[in-house]
Amino acid sequence: MTTVTRYTNSFTSTPGDGYDGVGEVLTSAALGTGTLLANGRAVLTAAHVVENNVGPIRVDFTGVDGAYSATVSDYWINPGYSTTGYRDDLALLWLDETAPASIPRYELYRDQDELGRVATLVGYGATGSGYLGYDSDSGGQRSIVQNRLETTWDAVDDALYGNSWYTPPGSQLVADFDSGSARYDTLGYLMGLDDTGLGSVEGMIAPGDSGGPAFIDGKLAGVASYSASLTGAYGQSLDATDDIDSSYGEVGAWQRVSHYQDWIDSTLAGVSDTWRGEDQIVHLLGGGGRDLLLGHGLDDRLSGAGGSDRLYGKAGDDRLDGGAGVDVARFDVRADEATLAQGGDDSLIVASEASGRDTLTDIELLRFDDRILLTEAPGLSGPADLAFDERLYLDANPDIAAAAARGEITALDHYRDYGAHEGRDPNALFDERGYRAANPDVDAAIQRGELDSGYQHYQAWGWQEGRDPSAWFDLDAYFDANPDIAQAGVEPLGHYLRYGYDEGRVIPTADDGMWG
C-alpha cells in the first residue's frame, strides 16, 4: 500500500488485530492477497493473480498462533474474466484443509450501499508514498490503510475524455488517492465528487495487494483489482508522477462483492470432495480454466464451470454441465450407436448401450468415435465471410449476454471491438486460445498489435497453410472426407457452418491425445 506519509509501523497489520484471515497468495507467476471466507476453506482473490499459474498455489497466513501455510487444491476463475478492464476479475481458491479456528473468517458484504463508505484495505503489496509512488523493492508484510469508495467504474467511464473500456455496470468500486488538497482529487475534478481524503490513514493499493479485501463493517465488500492514471478534459495529468505507480491522483478499482455474490455462492455450493475409488461416484467441479474432467464409469457428475472444458463421463448415467465457454463431451461409441433427445430445462440426453444415459447442459460439441457433432445448429449473423455464431457467443459468454439484454452492446459489436482480441471464440469450431497456443508466431503478432486475433489470421492465411482451427476440426481429415470442398479451394470451417452442417457433412475425430 502507498500512504500519505512515509511508510511506518502504524500501517502494519499485526496478529490479533482482526485481519489475520487476510493471507498472502503465492503462485508460480505472481504474488497477491486473498481473504478467507466463512467456511474456512475458500479464499477469495483476483483472477489475474492465478490466471497464469502452472504449479502449486500457497496461501500464507500470520495469526496469534504464528504462521500458517495452506496449499490450494483447486480454484475457479469467474467465467467472464478478461484482462481488458480487468472485467470479472475474481477467483475462488479451495484450500486442501480447513484453516485453524484461530484464523478469522469473513462474511460477504451483500448490501449495495457501498458508495460513500470508508473501507479498510488490507494487502501484502509494495509500499511507498503518494508523492513518489510505490517502491518495487518493498512489500511482503500485511499492511492496512483506508479509503472512501466513491463511485463505480462505469460511472467513471462515462466521465472520461479519452479511451476507456467496458465493464459490467456496477461491478467495480472506485476510489481515488487524495493528498489532502484539491490538486489530486481526481474524482472531484472528473465527476464533482469533491473529497480531499481521510488524512494520515488514506492509502492506495499497489502491486502485491491484488486480490486483497476492502472491508466495510468487518465484511468483505471489495477485491482489489488494479490502479489507473486518468487525464483531464485537455489532456492534463491528474497524477502526481505521470506513471501508474499508486501515487496521488490515481484511482483504484475493486471488484464489487455484492455484484458477484450469486457467483460466489453458487460456486461454493457446488464444491465437493473428489473420489477415485473402485466403487465411488465422482463429482468434479472445474477450476474456471480449460479443464479436463474424467468420470469413473458410474453415475458421475462433472461440472466445467467457466472456460472451454473437456468432459468424459465414460460409462454410467452421468450429468455433464459445461458451464460458460465452448465445451466438448466425449462418448466411446459411434454417432449412429447413440440416440439424442431433448430433456427438460434445455438439457440434451445422449443414450447408448455402452455409455449409458447422460444428461448434458451447456455442452456445445459431442465427440463420438467417428465424428464431431454440434449440439445445436449454427446461428450465424453478421458478414457472410465472418462465420460468427451469435447464439453460441451469447451462451458461452454470460457477461456479454447480460449486457446485450440490457441493450448496451450487441454480440457482434462486442466480438469485433473487444472479444476477438480477448480470446473469445467466434463459433464452436474455432478455438481462439488453442490456435494462439499452437501457433506462437500468430500470438506474437497479436501481442505486437499486428493482428487482432487468431481467427483473423486463420481466415486470411492459416487454413491455406494447413493450420487447424481447433482440436475438433482437422483440416486434412475434413478435406479427405469432403474432396469436393478441397477441390473448390474454399475455407472449410466457414463453409461447414454455412452449408456443410445442413448438408450432413462429417467432421472426422482428430483429438485422440487430449483425453488423459
Side-chain angles (χ1 to χ4, degrees), residues 1-7 11 46 48 83-87 89 114-119 121 123 125-136 138 143 145-167 169-210 212 214 222-256:
M1 302 283 185
T2 51
T3 51
V4 295
T5 67
R6 67 180 182 86
Y7 188 86
F11 298 111
H48 74 264
T83 55
T84 301
Y86 289 96
R87 180 165 60 247
D89 184 19
E114 307 97 334
L115 300 190
R117 303 288 299 275
V118 173
L121 315 178
T127 61
S129 71
Y131 281 115
L132 299 176
Y134 66 80
D135 177 359
S136 59
S138 63
S143 299
V145 299
Q146 294 182 351
N147 208 317
R148 190 182 305 278
L149 304 173
E150 297 183 69
T151 186
T152 59
W153 177 258
D154 52 299
V156 175
D157 182 66
D158 290 339
L160 288 179
Y161 301 101
N163 293 328
S164 56
W165 49 68
Y166 167 80
T167 60
S171 65
Q172 293 181 6
L173 300 168
V174 176
D176 59 10
F177 190 13
D178 294 300
S179 64
S181 71
R183 171 64 182 87
Y184 297 115
D185 182 15
T186 295
L187 296 178
Y189 178 86
L190 289 174
M191 305 176 64
L193 299 174
D194 299 324
D195 179 9
T196 57
L198 302 173
S200 62
V201 299
E202 176 134 344
M204 179 53 65
I205 54 175
D209 293 320
S210 292
V223 174
S225 192
Y226 63 90
S227 60
S229 179
L230 308 180
T231 57
Y234 303 101
Q236 71 272 36
S237 173
L238 304 176
D239 185 338
T241 67
D242 293 332
D243 292 319
I244 301 177
D245 54 8
S246 305
S247 55
Y248 285 140
E250 292 187 21
V251 300
W254 289 258
Q255 303 298 317
R256 190 178 193 172

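Note that the structure is a prediction, hence the values are computed from the model and not measured.
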Spacing of [X] atom [atom1] and [Y] atom [atom2] [to the nearest 0.5 Å]:
X    : Y    : atom1 : atom2 : result
S210 : Q255 : OG    : CD    : 10.5 Å
L115 : L173 : CG    : CG    : 6.5 Å
T241 : L132 : OG1   : CG    : 8.5 Å
S171 : Y86  : OG    : OH    : 15.0 Å

Where do [X] and [Y] come nearest, in terms of heavy atoms and distance?
X    : Y    : value
S179 : Y184 : OG-CD1, 3.7 Å
G130 : A240 : O-CB, 4.0 Å
N147 : A175 : OD1-CB, 3.6 Å

Kindly indicate whether the side chain of [X], heavy atoms from C-beta on, has any atom under 4.5 Å from the side chain of [Y].
X    : Y    : result
L160 : T231 : no
L230 : V251 : yes
R87  : W153 : no
T151 : L193 : yes
E250 : D245 : yes
S227 : F177 : no

Whether the side chain of [X] engages the backbone of [Y] through a donor-acceptor N/O pair (distance < 3.5 Å, no angle test) should be reported.
X    : Y    : value
D209 : A206 : yes
D154 : G170 : yes
T127 : S138 : no
D135 : A126 : no
E114 : A119 : no

Inset, instruction - Using side chain to side chain contact (heavy atoms under 4.5 Å, CB included) as the criterion, point out the one residue from D185, L187, T186 that pairs with D178. - result: D185
Legend entry - D89, V174, I205 screened by side chain to side chain contact (heavy atoms under 4.5 Å, CB included) with W254, the one that passes: I205
Legend entry - Modelled atom types, side-chain donor and acceptor of T2 and S246, under 3.5 Å: no
Inset, instruction - Using only heavy-atom distances, determine whether the side chains of Y248 and E202 contain a donor-acceptor pair under 3.5 Å. - result: no
Inset, instruction - With S229 as reference, evaluate D239, D243, D242 under the side chain to side chain donor-acceptor pair (under 3.5 Å) test and give the passing residue. - result: D239
Inset, instruction - Might you work through the side-chain contact (heavy atoms from CB on, under 4.5 Å) test for E150 and D176, ending with a clear yes or no? - result: CA-CA 8 Å; E150 297 183 69; D176 59 10; 2.8 Å; yes
Legend entry - Stepwise side-chain contact (heavy atoms from CB on, under 4.5 Å) check, M1 with M204: CA-CA 6 Å; M1 302 283 185; M204 179 53 65; over 6 Å; no
Inset, instruction - For D195, check salt bridge (charged side-chain N to carboxylate O under 4.0 Å, His left out) against everything at least two apart and list the hits. - result: R148
Inset, instruction - List in chain and number order the residues that pass ring pair (Phe, Tyr, Trp, His ring centres under 6.0 Å) with Y134, two or more places apart in sequence or in another chain; answer none if no residue qualifies. - result: none
